Amino acid sequence: MEAMRYAKRTCTDQTKIDEFLNQAKTGALSMVDGEFPYVIPLNFVWHDGAIYFHGADAGRKERVLQANSNVCFLVSEEYGTITDPVPAETDTAYMSVMLFGKAERITELSQATGALQAMLDKYVPGYYEQQLSRQHVEKYRSSHGAQVAVYKITPTEVTAKVNPVNEQKMFMPGRRVQQDV
């Protein structure tokens with residue numbers, strides 16, 4: 001892979017990357033659909049060193065992944081604007097992680113159930129009194145009649161960038177440059 005141009009923002013701290021992926025709510029799945037990219041936002045879970053997501057077993061995403069399973073998954077969060085008296089030094093506090101790999105459809109029922117349970121634990125912790133049953137996953141159909149498809153991306157490469165929050169320089173409405181000179 002090509003080296004990151006702005007290397008000082010590189011994050012190699014795996015604990016920080018794991019924490020970020022565990023708390024972030026939405027990622028963007030980038031696929032190759034013929035000669036054009038196709039990108040969709042998804043809920044996901046970072047579980048056992050892989051990204052898991054789910055969706056209908058029919059539709060464009062399913063068709064594209066069957067034709068070419070090479071993907072990039074981006075998770076990015078913006079934390080605010082960092083002010084500076086020099087306009088060109090105004091910046092954004094953020095973290096982003098890009099994972100490259102192949103999207104593999106999970107066909108083993110217990111693995112799919114485990115991934116979906118991990119998603120429930122992330123998005124609605126403590127809401128359900130019982131663990132998700134394999135029978136529920138096996139029989140689940142959407143309102144459009146499609147069966148659930150669970151995918152796993154085991155990354156072959158991970159890159160991460162971070163520009164941390166600087167509390168003294170974060171923009172808030174009403175803040176003026178005179179306060180920073």
Side-chain angles (χ1 to χ4, degrees), residues 1 11-33 37-80 93-162 164-165:
M1 266 294 168
C11 176
T12 57
D13 181 340
Q14 191 61 51
T15 300
K16 187 172 191 159
I17 292 169
D18 289 341
E19 288 172 358
F20 176 73
L21 292 173
N22 282 323
Q23 63 81 33
K25 300 293 186 190
T26 307
L29 177 66
S30 302
M31 301 164 279
V32 181
D33 187 9
Y38 177 55
V39 181
I40 56 172
L42 293 170
N43 291 340
F44 71 96
V45 66
W46 176 243
H47 181 65
D48 293 334
I51 293 287
Y52 288 87
F53 62 92
H54 70 86
D57 70 345
R60 185 175 181 184
K61 176 180 76 226
E62 184 73 15
R63 180 182 51 76
V64 171
L65 289 175
Q66 285 178 10
N68 185 345
S69 63
N70 292 318
V71 298
C72 174
F73 196 84
L74 169 68
V75 182
S76 179
E77 290 196 0
E78 184 254 327
Y79 304 123
Y94 69 92
M95 183 159 182
S96 65
V97 176
M98 288 191 345
L99 304 102
F100 300 87
K102 291 186 178 292
E104 159 195 9
R105 186 162 174 184
I106 303 302
T107 57
E108 207 284 308
L109 186 57
S110 62
Q111 186 180 11
T113 303
L116 292 172
Q117 181 63 55
M119 289 189 80
L120 290 172
D121 293 344
K122 175 181 180 177
Y123 290 96
V124 289
Y127 181 76
Y128 295 102
E129 294 177 11
Q130 297 178 3
Q131 296 285 303
L132 187 61
S133 73
R134 291 171 42 158
Q135 292 78 17
H136 179 82
V137 174
E138 188 172 43
K139 293 177 182 177
Y140 179 78
R141 296 274 191 266
S142 73
S143 60
H144 299 287
Q147 191 169 14
V148 67
V150 178
Y151 280 89
K152 173 183 181 180
I153 303 169
T154 303
T156 55
E157 181 179 0
V158 176
T159 63
K161 289 175 70 174
V162 65
V165 170

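Values in this document were obtained by computation on a predicted structure and should not be read as measured data. If you read the sequence from its start, that first residue is 1, and numbering goes on from there.
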Distance from [X] atom [atom1] to [Y] atom [atom2], nearest 0.5 Å?
X	Y	atom1	atom2	value
Lys61	Leu42	NZ	CG	6.0 Å
Arg60	Met31	CZ	CE	7.5 Å
Glu77	Ser96	CD	OG	10.5 Å
Gln111	His47	CD	NE2	8.5 Å

[Y] side chain reached by [X] side chain, heavy atoms, under 4.5 Å:
X	Y	answer
Ile17	Met95	yes
Thr113	Gln131	no
Leu29	Ile153	yes
Trp46	Leu99	yes

For [X] and [Y], indicate whether the former's side chain and the latter's backbone hold a donor-acceptor pair under 3.5 Å.
X	Y	result
Tyr123	Val45	no
Asp33	Val64	no
Thr156	Phe100	yes
Gln117	Leu132	yes

Work out which heavy atom in [X] is nearest to a heavy atom in [Y]; give both atom names and the distance.
X	Y	value
Thr26	Phe44	C-CE2, 3.7 Å
Val150	Ala112	CG2-CB, 3.9 Å
Gly27	Val75	CA-CG2, 4.2 Å
Val39	Ser30	CG2-OG, 3.6 Å
Pro155	Ala50	CD-CA, 4.3 Å

ask   = For residues 117-131, which residue pairs qualify under salt bridge (Lys or Arg N to Asp or Glu O under 4.0 Å), counting only residues two or more places apart or in two chains?
value = none
key: Partners meeting ring pair (Phe, Tyr, Trp, His ring centres under 6.0 Å) with Phe53 (sequence neighbours left out)   = Tyr151
remark   = Applying salt bridge (charged side-chain N to carboxylate O under 4.0 Å, His left out) to Arg105 and not counting sequence neighbours gives Glu62
query = Does atom NZ of Lys16 have more than 12 heavy-atom neighbours from other groups under 6.0 Å away?
reply = no
request  = Might you work through the side-chain contact (heavy atoms from CB on, under 4.5 Å) test for Asn70 and Val32, ending with a clear yes or no?
outcome  = CA-CA 7 Å; Asn70 292 318; Val32 181; 5.6 Å; no
query = In terms of side-chain heavy atoms, does Ser76 have a donor or acceptor partner in Glu78 at a distance below 3.5 Å?
reply = no
request  = Carefully, step by step, assess Arg134 and Ser110 under the rule side-chain contact (heavy atoms from CB on, under 4.5 Å).
outcome  = CA-CA 7 Å; Arg134 291 171 42 158; Ser110 62; 3.9 Å; yes
